[in-house]
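Here the structure is laid out as structure tokens; the discussion comes afterwards.
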Amino acid sequence: MGLSYYAEQFAPDLLPLVPQLEARDAVLAGYGGGPQKPDDEDQLPHLDVLVDHPWQEEQWVTIYSADCCRWWDAGDLYQCTLQQFLAYLDQLPKPL
């Protein structure tokens, strides 16, 4: 299942962002979305992407909007915009 599937199922408002992420598919190792339980009022609709880091452990980044992407690293929460996240993905080495 691709990222567009998760956007359609869990976060339809994020569908316009999907092509920008799919263009960087070479450095993305997996996808997800949520909330997994539709009645979970504590969770906002979101997309999850697994960054394929050549030199680090797996890292899931949660995208809530074009202005809010978040991830945890060593117990610290980091946040950036989608454009900053895409710029980060662009600088990662691509597989052969």
Side-chain angles (χ1 to χ4, degrees):
M1 285 181 269
L3 189 57
S4 59
Y5 166 82
Y6 291 104
E8 289 170 3
Q9 293 296 311
F10 301 107
D13 290 345
L14 301 180
L15 269 169
L17 308 179
V18 169
Q20 296 175 73
L21 291 159
E22 287 179 336
R24 290 145 175 98
D25 193 56
V27 294
L28 298 177
Y31 309 108
Q36 294 294 318
K37 298 178 185 175
D39 58 345
D40 190 349
E41 296 176 10
D42 293 334
Q43 274 200 324
L44 298 171
H46 63 273
L47 295 174
D48 298 308
V49 294
L50 177 59
V51 178
D52 187 12
H53 284 287
W55 57 85
Q56 292 181 359
E57 294 181 17
E58 293 181 348
Q59 186 172 58
W60 284 96
V61 176
T62 302
I63 302 165
Y64 295 100
S65 70
D67 296 323
C68 183
C69 301
R70 295 182 181 164
W71 68 95
W72 289 92
D73 188 20
D76 293 321
L77 176 65
Y78 295 92
Q79 184 170 314
C80 66
T81 67
L82 180 65
Q83 289 307 312
Q84 291 168 324
F85 179 54
L86 295 174
Y88 172 72
L89 293 177
D90 288 342
Q91 60 85 39
L92 290 175
K94 313 299 183 274
L96 298 176

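FYI, side chains are in, hydrogens and waters are out, and symmetry mates aren't considered; it's all heavy atoms of this structure.
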Sequence neighbours excluded, the answer for side-chain hydrogen bond (donor to acceptor under 3.5 Å, both in side chains) partners of Tyr88 is His53
Contacts satisfying side chain to side chain donor-acceptor pair (under 3.5 Å) that involve residues 69-79 (not counting sequence neighbours) are Arg70-Gln79
Scanning both residues in full, the closest heavy-atom pair of Asp52 with Ala29 reads CB-CB, 4.0 Å
*Go through the steps to decide whether Leu92 and Val51 satisfy the test side chain to side chain contact (heavy atoms under 4.5 Å, CB included), and finish with yes or no.*
CA-CA 10 Å; Leu92 290 175; Val51 178; 3.6 Å; yes
The salt bridge (charged side-chain N to carboxylate O under 4.0 Å, His left out) partners of Asp25 (sequence neighbours excluded) come to none
Side-chain donor/acceptor pairs under 3.5 Å, residues 1-23, sequence neighbours excluded:
residue	atom	partner	partner atom	Å
Gln20	OE1	Gln83	NE2	3.0

Residue set satisfying ring pair (Phe, Tyr, Trp, His ring centres under 6.0 Å) with Phe85, at least two apart, ordered chain then number -> none
So salt bridge (charged side-chain N to carboxylate O under 4.0 Å, His left out) across residues 77-96, not counting sequence neighbours, yields Arg24-Asp90
Sequence neighbours excluded, the answer for side-chain contact (heavy atoms from CB on, under 4.5 Å) partners of Asp48 is His46, Trp60, Thr62
